[in-house]
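Okay, structure first, notes after.
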Amino acid sequence: MARILITSAIPYINGIKHLGTLVGSQLPSDVYARYCRARGHEVMHICATDEHGTPAELAAAKAGMPVAEFCAMMWQKQADLAQGFALGFDHFGRSSSQRNHRLTQHFAGRLADAGLIAEVDEKMVYSPADGRFLPDRYVEGTCPNCGYEGARGDQCENCTKQLDPTELIDPRSAVSGATDLEVRETKHLHLRQSALADQLETWIDRQTDWPILTTSIAKKWLKDGDGLRDRGITRDLDWGIPVKRGDQDWPGMEGKVFYVWFDAPIEYIAATAEWADAHGRPDADWERWWRTDKGAKDVRYVQFMGKDNVPFHALSFPATIIGSGEPWKLVDYIKSFNFLNYQGGQFSTSKGRGVFQDQALEILPADYWRWWLMANAPETSDSEFTWAAFQAGVNKDLADVLGNFISRVTKFCRSKFGETVPKGGSYGTAEAEVIAELTARTATYQAHMDAIELRKAAAELRAIWVAGNEYLQAAAPWAVFKTDPDAAAATVRFALNLIRLYAALSAPFIPGAAASIAGALDIDVPDWPDDINAALSALIPGHGFTTPEVLFAKITDDQREAWEEQFAGQ
RNA sequence: GGGCCUGUAGCUCAAUUGGUUAGAGCAGAGCGCUCAUAACGCUUUGGUUGGGGGUUCGAGUCCCUCCGGGCCUACCA
């Protein structure tokens, strides 16, 4: 048994997320966590909301709510959605927690003590009308290069030229449209990542088994231009973690907060502490996951995220950990994902284009989404959600292959033998062949899951389901029954045991359906089968079951067309 | 502009890292079955691996070049 710490990239607080954010972090981390638990490993599965930053403040203002209240509300929504998708986090924390405040301030203090924090005077755009400093991106104006009027202060969308907000012609606040902008001097803390670049590079170079996507992004940042740059870790905002040096005030930094990308990854640690708090457990119980001097030496730490998050997880957060000089657990494997597109374009929050998590759960059960999204996960390149592909995949895999197998077996059994596992006959060569095949396939399935190759794992699981139909078709108990009811009984008994096996093997991907299947068989979701041969004799003659209703209703053409229309956006 | 990724059957993806005849699923065609959600099984059609050039005994894989798609580019997160 191993101990596995799993974190999902923490979703930002400012709205309901679409399916694209689910597919690259929370969903795969849950599938992997469920699998690891099923294999008997001790798992700590952590997620949280990322609550700080300018967009959160603006979203709260737009909603007419104090930002703390807004975040609390949105946290509850996201927590409910996570539950709706059956995301089994041990704790779903908040980056605004007091635990994270203290830990973030602690790390900043340690980094400062190690000489890894620089105080830098910067010039930033200030908007008196808004009463705030504006991030580059929130300053808009006319591009000096191409004349595009909607250019942002960091880059012109039209000609892609990178800009400084002071270069814009007729600059205005993207928040209020105010034009009386001024440049003010303000002091900020920078994390001296450049001083840690060599250590980080050595560490990255050792990660030969990481996805190419992960290491290539990390190396790009390490090598680009003059190498890894220092990074501002503070902001002039009201909402956030006050800048402190450990528990001491930080002279000159009054009224400033840490930047979200400094405090957000630290929340992984803090959320684990929140978990301990929530369960009345001592600090030692969370520290054994995070402190290599307190029991975390044997922990394997796996992170899940979309590719946009890689630099922060592969470089900035490790810089924080390494720079602290304390024995915190460093990530062992970073699983990164490409993006999911929607019907030939991007998901768009602003245009209402694509399916959002709350809508998805309103129209279909979580397992439909879980299955299709993971079976088509963007592991090697961006992948595409289309309603046609979704409909075909769900109908074929879940309804026809798995659901129908369960229907045909249980209904045939009910009509010929009643709703109990029939006795009589015995397993022969046909069953032995299936056992051999499934033993091999289960090993392959496990190998893919161990490697976190979820797409391949899903394909193998599907092949395991198909094997049931092949077996049944060849054994043809409906024909055999007429001359040899005992032989037919043995076939049905074996098939019912296959259903039981499928409940166990399918649970990481479709936990809801796995529970329904187990419920119909009047059992709990079985333990992971270490021995397929034994597992396929677990249901003994006389064991009662209930013929389930249709497990997976098919998506009709009418539904598909209606949804295509509904989610097309502007 | 720079960097990285990507292009394989009508569609979605594989191909043990340069090694036999490039494989699966879906869609299509044919046959079988009738237990089942008009489901299942078997067979089968379909590829000049984006174009061109090169290295090699051998290239989907390596190199060059052109074309297409995508992402990142450090103050959105």
Side-chain angles (χ1 to χ4, degrees), chain A residues 9-14 21 50 52-56 58 122 124-125 133-139 152-155 159-162 164-165 174 188 193 212-213 215-217 219-221 223-225 228-232 235-236 259-261 264 306-312 315-316 338-339 341 344 346 375-384 386 388-389 392-393 395-416 455-456 458-459 462-463 466 468-479 481 488 491-492 495 549-554:
Chain A
I10 65 180
Y12 197 62
I13 194 73
N14 67 340
T21 56
D50 176 14
H52 299 132
T54 307
L58 297 180
E122 299 180 358
M124 294 217 31
V125 175
F133 283 93
L134 295 175
D136 290 357
R137 171 170 295 236
Y138 284 96
V139 182
R152 290 191 317 232
D154 56 340
Q155 186 171 31
C159 68
T160 73
K161 183 178 170 60
Q162 286 181 53
D164 186 278
H188 282 297
Q193 298 186 136
I212 291 171
L213 187 63
T215 49
S216 68
I217 292 172
K219 285 176 182 172
K220 151 78 170 153
W221 280 53
K223 295 290 186 189
D224 193 40
L228 188 62
R229 289 180 235 167
D230 296 343
R231 187 170 193 114
R235 291 290 183 274
D236 288 290
Y259 175 42
V260 281
W261 269 114
K307 58 185 165 185
D308 52 331
N309 277 336
V310 168
F312 305 101
L315 298 170
S316 300
N338 286 281
F339 290 151
N341 291 318
Q346 296 186 332
N376 297 278
E379 286 179 311
T380 52
S381 66
D382 290 358
S383 68
E384 181 112 353
T386 66
N395 286 356
K396 196 70 199 172
D397 298 346
L398 295 183
D400 293 347
V401 175
L402 177 60
N404 182 56
F405 176 70
I406 293 163
S407 286
R408 63 196 297 209
V409 170
T410 52
K411 287 181 180 170
F412 179 75
C413 183
R414 181 174 61 183
S415 74
K416 302 301 185 210
R455 204 170 178 138
K456 290 178 181 172
R462 186 188 188 283
V466 167
N469 282 314
E470 290 172 346
Y471 164 75
L472 205 62
Q473 200 67 32
W478 48 88
F481 181 79
T491 297
V492 170
E549 294 306 308
V550 168
L551 270 171
F552 303 99
K554 290 195 191 188

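Quick caveat: nothing in here was measured; it's all calculated off a predicted structure. Naming convention: chains lettered A, B, ... in sequence-line order (proteins, then strands); numbering from 1 in each chain.
- T54(A) comes within 4.0 angstrom of the backbone, heavy atoms only, and of no base.
- One atom, CG of D136(A), and another, P of A74(B), lie 9 Å apart when rounded to the nearest Å.
- Between A389(A) and V260(A), the residue anchored nearer the 5' end of RNA chain B, judged by the nucleotide with its closest heavy atom, is A389(A).
- In this entry the distance linking CG of L315(A) with P of C4(B) reads 16 Å, nearest Å.
- For the pair D230(A) (side chain) and Q193(A) (backbone), a donor-acceptor distance under 3.5 Å is present.
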Checklist entry - When you check every protein heavy atom under 4.0 Å of nucleotides 30-41 of chain B, what one-letter string (B, S, -) results, 5' to 3'? => result --BSSBBB-SBS
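- Here G41(B) sits opposite C31(B) as a Watson-Crick or G-U wobble pair (both hydrogen-bonding atom distances under 3.5 Å).
- Using a 4.0 Å heavy-atom criterion, one finds that F481(A) contacts no nucleic acid atom at all.
- Atoms CG and CG, from D308(A) and N338(A) in turn, are 10.5 Å apart once rounded to the nearest 0.5 Å.
- Spacing of P atoms, A22(B) relative to C66(B), comes out at 31 Å, to the nearest Å.
- Put simply, the side chain of P135(A) reaches to within 4.5 Å of the side chain of T54(A), judged on heavy atoms.
- Side-chain contact between V409(A) and F405(A) is present, with heavy atoms from C-beta onward closer than 4.5 Å.
- Spacing of C1' atoms, G54(B) relative to C42(B), comes out at 46 Å, to the nearest Å.
- Taking the nucleotide of RNA chain B with the nearest heavy atom to each of D230(A) and N338(A), the more 5' of the two is matched to N338(A).
- In this structure, K307(A) places its NZ atom 14 Å from C1' of G3(B), rounding to the nearest Å.
- Within the nucleic acid shown, K456(A) comes within 4.0 Å of sugar-phosphate atoms alone, with no base atom in reach, counting heavy atoms only.
- Residues N376(A) and R455(A) meet the side-chain proximity criterion, which asks for heavy atoms closer than 4.5 Å.
- With values rounded to the nearest 0.5 angstrom, D236(A) atom CG is found 11.0 Å from L134(A) atom CG.
- The interatomic distance linking N309(A) (CG) with C76(B) (P) rounds to 14 Å, in whole Å.
- The separation of C57(B) from C72(B), taken at their C1' atoms, amounts to 42 Å, rounded to a whole angstrom.
- At a threshold of 4.5 Å between non-hydrogen side-chain atoms, the residues Q473(A) and R408(A) count as touching.
- Across all strands shown, U61(B) forms no Watson-Crick or G-U wobble pair with both distances under 3.5 Å.
- The CZ atom of R229(A) sits 7 Å away from the P atom of A74(B) (whole-angstrom rounding).
- Here D50(A) lies in heavy-atom contact (under 4.0 Å) with sugar-phosphate atoms only.
- For S383(A), whose side chain is taken as the heavy atoms from C-beta onward, the closest listed nucleotide among A77(B), C71(B), C13(B) is C13(B).
- G7(B): Watson-Crick or G-U partner is C67(B), with both key distances under 3.5 Å.
- Listed nucleotides G2(B), A77(B), C71(B) differ in distance to K220(A); the shortest reach to its side chain belongs to G2(B).
- Within the 4.5 Å cutoff, side-chain heavy atoms of Y138(A) are placed close to those of L58(A).
- Nucleotide A24(B): paired with U12(B) (Watson-Crick or G-U wobble, both distances less than 3.5 Å).
- Spacing of C1' atoms, C63(B) relative to G70(B), comes out at 24 Å, to the nearest Å.
- Spacing between atom CD of E379(A) and atom C1' of A14(B) amounts to 12 Å, rounded to whole angstrom units.
- Spacing of P atoms, A15(B) relative to A24(B), comes out at 14 Å, to the nearest Å.
- For the pair R231(A) and C75(B), the criterion of a side-chain N or O lying under 4.0 Å from OP1 or OP2 is met.
- Summarising the geometry, atom CH2 belonging to W478(A) is positioned 9.5 Å from atom OG1 belonging to T491(A); distances are rounded to the nearest 0.5 Å.
- With its glycosidic angle more than 90° from 0, U12(B) is assigned anti.
- A27(B) and U34(B) are spaced 23 Å apart, taking the P atom of each and rounding to whole Å.
- Regarding R235(A), its CZ atom lies at a distance of 10 Å from the C1' atom of A74(B), rounded to whole Å.
- Between the CZ atom of F339(A) and the C1' atom of G69(B) there is a distance of 15 Å, rounded to whole Å.
- Between the P atoms of A36(B) and G60(B), the separation comes to 49 Å (whole Å).
- Rounded to whole Å, the separation between the P atoms of C76(B) and C64(B) comes to 34 Å.
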